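Scroll down for the structure; my scribbles are underneath it.
These figures come from a predicted structure and were not determined experimentally. Here is how names work: the chains are called A, B, and so on, in the same order as the sequence lines, proteins then strands, and each is numbered from 1.
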Amino acid sequence: MSRYSAPDIEAKWQSAWDQAGIFRAQRIGDKPKYYVLEMFPYPSGKLHIGHVRNYTMGDVIARYKMATGHNVLHPMGWDAFGMPAENAAMASGGHPKDYTYANIAVMKKQMKPLGWSLDWSREIATCDPEYYGQQQALFLDMLAAGLVYRKNAVVNWDPVDMTVLANEQVIDGKGWRSGADVERRELTQWFFKISDMSGELLDAIDGLDDWPAKVKLMQANWIGKSRGLQFAFDRTDGGQIEVYTTRPDTLMGASFVGISPDHPIAKELEQHRADVAAFCADARKGGTTEEAIEKAEKKGFDTGLRVRHPFDPAWELPVYIANFILMDYGTGAIFGCPAHDQRDFEFATKYGLSILPVFEPNDDPITDLTDAFVPAKTDTVRYVRGFAGADVQTGADAVEAAIDHCEARGIGAGVTKYRLRDWGLSRQRYWGCPIPVVHCATCGVVPEAKANLPIRLPDDVTFDIPGNPLDRHPTWRDCACPSCGAPARRETDTMDTFVDSSWYYARFTAPHAATPTVTEDAAYWMNVDQYIGGIEHAILHLLYSRFFARAMQITGHLPQSAIEPFDALFTQGMVTHAIYQTRTAEGRPVYHYPDEVELRDGGAYLRADGREVEVIPSAKMSKSKNNVVDPVNIVASYGADTARWFVLSDSPPDRDVEWTASGAEATSRHLARVYRIAVECAATPDGTGDGDADLLKATHKAIDDVTKGIESFGFNAAIAKLYGFTNTLQKSTAGGTAQKLAARTLAQLMSPMTPHLSEEIWAMLGGVGLVSVAAWPVADPALLVDDTVTLPIQINGKRKAEISVPADMPKEEVEKAVLAMDAVVRALDGAAPKKIIVVPGRIVNLVI
RNA sequence: GCCCAGAUGGCGGAAUGGUAGACGCGCUGGCUUCAGGUGCCAGUGGCCGCAAGGCCGUGGAGGUUCGAGUCCUCUUCUGGGCACCA
């Protein structure tokens with residue numbers, strides 16, 4: 001074969017790999033193990049270019065590790081439960097199960113031609129009873145270990161459709177289908193006690209040396225450790241209001257107490273006061289997201305209740321119900337210090353509350369807090385001298401001093417709190433893992449017996465009306481109480497799909513076992529050595545997985561050593577694309593795939609009927625917005641190696657990229673050129689040419705550059721070096737022996753990115769066996785150093801000339817040589833330089 | 001609103017505090033070709049200049065340094081996350 005033909009080459013080598021079974025991971029041999037995992041996909045039914053980017057990156061690592069002598073585990077599966085399948089069922093009348101498995105089949109068919117080194121024998125789908133049954137077993141063990149409990153929590157409630165909405169289904173505070181104003185409503189739900197591990201999850205971040213700093217920072221902020229004072233205000237009508245504050249040093253500036261609309265006091269008032277009930281109902285409008293709550297207009301309601309300031313019983317503060325106070329954080333009640341908090345300031349201004357400065361700027365610092373907390377003489381300014389601008393007590397010191405002071409006076413206690421809330425896992429939906437518990441009239445909530453697992457989802461369900469089909473199924477709920485045997489009812493809530501993805505990495509080590517994990521397999525393969533996925537998972541998925549690894553260790557499903565499941569993490573950037581939108585007659589948005597849209601005359605139009613579409617700026621490729629680009633066209637037109645090389649070559653892996661396919665053809669031409677060069681090298685007679693010293697050096701430089709590039713996830717930079725090496729090889733006249741060696745090395749260095757082409761070239765040039773398993777080349781350090789270096793010469797920091805000198809020339813001689821240069825003599829104009837800076841091998845700078 | 005990132009030619013981007021724009025795309029010119037494509041060669045940040053060369057230049061404003069795309073402060077815009085999208 002004399003021309004590059006991707007389809008022939010790729011099919012041939014894929015079947016060669018299959019026959020050799022080189023991607024089948026087995027727990028044998030004495031090679032060090034290496035577990036590389038990319039975040040598994042939701043089976044949307046359409047492989048998109050973001051998937052290709054993600055899995056190709058992982059494949060480069062997996063193949064590189066295989067070549068460097070590791071026993072590699074590189075599995076693939078499906079995060080297969082979730083809302084889209086139910087939405088599809090509601091829209092088109094099919095069944096979520098059929099929809100999901102059909103999508104899996106399609107995507108798998110799209111994935112196979114890309115030549116990823118996946119061990120398909122370990123394929124799992126979270127919607128398979130074989131998987132979710134084991135998840136139910138895990139849940140029961142966690143329940144027994146006290147890691148799961150029930151409590152009330154708020155959900156988005158659509159009062160028209162009478163159903164719970166996901167945050168995604170709340171658009172501008174309204175239900176996506178009904179358009180009704182969404183309300184926050186409480187339901188009894190199941191929770192994982194992740195907050196019990198707040199401190200540990202925070203502290204252990206320090207040990208995650210191979211995680212991106214930004215992810216660790218985001219997680220730390222999310223867990224949100226704070227130090228503050230918890231104390232009670234006495235109500236003038238008896239009783240107390242418990243408050244937590246991180247700013248006890250501003251206590252003297254308090255002008256009101258605020259409580260959440262969900263606070264027990266608010267709820268009690270609501271029972272018999274119509275005005276309170278009306279305010280609380282209004283405050284509960286809108287979605288449950290923190291963003292919606294924080295951005296909502298700040299509203300308060302004076303309950304008429306009054307509390308006494310802890311330092312001065314005569315000083316009374318009003319109690320407001322405020323819509324921005326979260327019941328989930330602290331005690332659900334705060335004191336407001338408008339002089340030192342922006343939100344409190346706005347609130348106080350709106351409701352005409354006093355603003356009392358606590359700090360007197362530019363005053364002498366004082367350290368005696370007993371004095372400091374004595375109210376000042378005037379009624380209008382009760383300040384504490386000295387905190388602001390003080391050298392001795394600022395920030396955390398001031399807070400700690402204030403806590404000490406309050407404790408000494410018997411007012412509350414210093415406490416450490418975390419922002420992290422327990423993880424609510426209940427979902428009022430069908431297409432998820434059933435929560436394996438039973439509600440019995442006599443025994444209460446009873447765990448299902450393990451022998452009855454898996455609790456399977458029923459197939460005979462309908463989606464013609466909103467709500468959870470499990471709730472209205474005629475018989476599925478009916479069961480016998482595992483404890484007393486009496487008729488009982490199943491829990492109809494299913495689990496959050498985050499549960500499914502919180503332990504799949506462990507399941508991959510023994511994907512078809514009759515227990516969640518197998519000790520020997522987990523001990524051998526865990527931890528994941530390299531985890532790769534989108535930055536959008538920086539907080540939730542990764543934190544939940546860290547929690548689950550701990551929970552699985554507590555329940556005996558993972559070894560102690562796997563307490564942190566992911567040794568190294570790489571967060572790839574997202575592939576973004578413009579969103580094309582039209583609207584229905586009712587005004588609901590309809591999203592169109594980019595390939596349905598034609599761009600012309602500065603506008604965008606539907607190919608089908610020519611209607612103009614609205615172009616919404618780029619966002620991450622997402623099934624729900626249809627702004628996904630299908631890579632199969634590139635694979636079909638140019639082959640897998642082109643697609644792989646193309647997605648890796650143009651942008652740094654951790655950066656977001658706006659997708660464009662322009663350049664794919666040029667990539668294909670480059671690969672054809674590499675092939676042609678290899679053919680020419682194969683045909684070049686041995687022993688001709690000008691010798692091989694330069695080519696050999698270039699070869700070893702390429703080995704060094706590409707190796708470093710792969711190890712540091714600098715795939716685009718590694719590819720740039722490969723272009724350079726290819727150009728060098730193409731121009732080389734070193735002779736057949738040297739050129740063949742260089743071309744074979746080029747094939748090897750390219751093999752993690754373009755494995756099919758590399759195999760072909762490797763075989764053509766007499767490589768032994770498969771290049772995929774050939775030992776990775778090692779650069780000879782002696783060939784990496786240059787004898788002479790070119791130093792730029794700056795005058796006052798501006799480059800004026802350059803000089804070529806031996807690499808080991810002493811500083812003084814470099815100086816002498818530089819000062820003798822015409823350009824330097826001219827610039828100095830007879831004067832002596834004030835300073836000469838010589839950085840060996842780098843630069844010379846003259847200050848004149 | 002809060003937390004985290006990012007911003008460099010026409011485009012994607014490169015650059016341990018040390019020659020900004022490697023490498024690629026695109027474009028321009030040339031050779032090859034009946035022609036198109038392919039292939040090969042050369043050029044390609046802006047401004048001034050015949051040239052040699054000079055000046056400017058990494059979102060914006062300051063600062064540290066012999067030297068800043070890189071470090072610090074402030075700021076603008078874009079992207080991600082905000083606990084029921086996955």
Heavy atoms under 4.0 Å, any strand shown: does [X] hit a base, just sugar-phosphate, or nothing?
X        : value
A:Pro652 : sugar-phosphate
A:Gly82  : sugar-phosphate
A:Ser426 : base
A:Leu420 : base
A:Leu217 : sugar-phosphate
A:His537 : base
A:Gln169 : nothing
A:Val164 : base
A:Ala717 : nothing
A:Gly424 : sugar-phosphate
A:Met39  : nothing
A:Phe498 : base
A:Lys214 : sugar-phosphate

Any idea which of [options] is nearest the [X] side chain?
X        : options             : answer
A:Arg799 : B:A86, B:U19, B:C84 : B:U19
A:Met574 : B:A86, B:C40, B:G79 : B:G79
A:Val839 : B:A86, B:G18, B:C66 : B:G18
A:Glu802 : B:A86, B:C84, B:U19 : B:U19
A:Leu540 : B:A86, B:C4, B:C25  : B:A86

Pairwise [atom1] distance, [M] and [N] [rounded to whole Å]:
N     : M     : atom1 : answer
B:G13 : B:U76 : P     : 25 Å
B:A42 : B:G81 : C1'   : 49 Å
B:C66 : B:A14 : C1'   : 26 Å
B:C56 : B:G21 : C1'   : 15 Å
B:A22 : B:U58 : C1'   : 15 Å
B:A7  : B:U75 : C1'   : 14 Å
B:G24 : B:U44 : P     : 14 Å
B:G36 : B:G45 : P     : 28 Å

Closest nucleotide of RNA chain B for A:Ile719 versus for A:Arg673: which of these residues is on the 5' side?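 With A:Ile719 and A:Arg673 compared, the 5'-side residue is A:Ile719.
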
Contacts of A:Lys835 and A:Tyr723 projected onto RNA chain B by closest heavy atom; the upstream (5') one is A:Tyr723

Sole residue of A:Tyr131, A:Tyr544, A:Phe498 in ring pair (Phe, Tyr, Trp, His ring centres under 6.0 Å) with A:Trp503: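 Testing A:Trp503 for a ring pair (Phe, Tyr, Trp, His ring centres under 6.0 Å) against A:Tyr131, A:Tyr544, A:Phe498 leaves exactly one candidate, A:Tyr131.
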
Measure distances between side-chain N and O atoms of [X] and base N and O atoms of [N], and say whether any donor-acceptor pair falls under 3.5 Å.
X        : N     : result
A:Gln189 : B:C84 : yes
A:Glu291 : B:C82 : yes
A:Asn845 : B:C66 : yes

For B:G26, does the glycosidic angle fall within 90° of 0 (syn) or outside that (anti)?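 With its glycosidic angle more than 90° from zero, B:G26 counts as anti.
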
Within less than 4.0 Å of OP1 or OP2 of [N], is there a side-chain N or O belonging to [X]?
X        : N     : result
A:Lys798 : B:C56 : yes
A:Asn716 : B:A14 : yes
A:Ser649 : B:G24 : no
A:Arg669 : B:G26 : yes
A:Asn727 : B:G24 : yes
A:Gln219 : B:C4  : no
A:Arg655 : B:A5  : no

Check this for me, if you would: do [X] and [Y] make a salt bridge, where the nitrogen-to-carboxylate-oxygen distance has to be below 4.0 angstrom?
X        : Y        : value
A:Lys811 : A:Glu815 : no
A:Asp422 : A:Lys193 : no
A:Arg427 : A:Glu86  : no

Classify the angle between the aromatic ring planes of [X] and [Y] as parallel (below 30°), tilted (30 to 60°) or perpendicular (above 60°).
X        : Y        : value
A:Phe192 : A:Phe547 : tilted
A:His537 : A:His541 : perpendicular
A:His670 : A:Trp645 : parallel

Secondary structure of RNA chain B in dot-bracket form (Watson-Crick or G-U wobble, distances below 3.5 Å, | marking inter-strand pairs): (((((((..(((.....[....)))((((((.......))))))((((....))))..(((((..]....))))))))))))....

Are A:Arg53 and A:Val657 close enough that some pair of their side-chain heavy atoms sits under 4.5 Å apart? yes

Any heavy-atom pair between the side chains of A:Phe191 and A:Leu425 that's under 4.5 Å?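 Side-chain contact under 4.5 Å: no.
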
For a side chain to side chain contact (heavy atoms under 4.5 Å, CB included) check, start with the C-alpha distance between A:Leu648 and A:Thr56, then their side-chain angles and the critical distance, and finish with the verdict. CA-CA 8 Å; A:Leu648 293 172; A:Thr56 302; 3.6 Å; yes

Heavy-atom nearest pair, A:Trp423 first then A:Ser502, reads CH2-OG, 3.4 Å

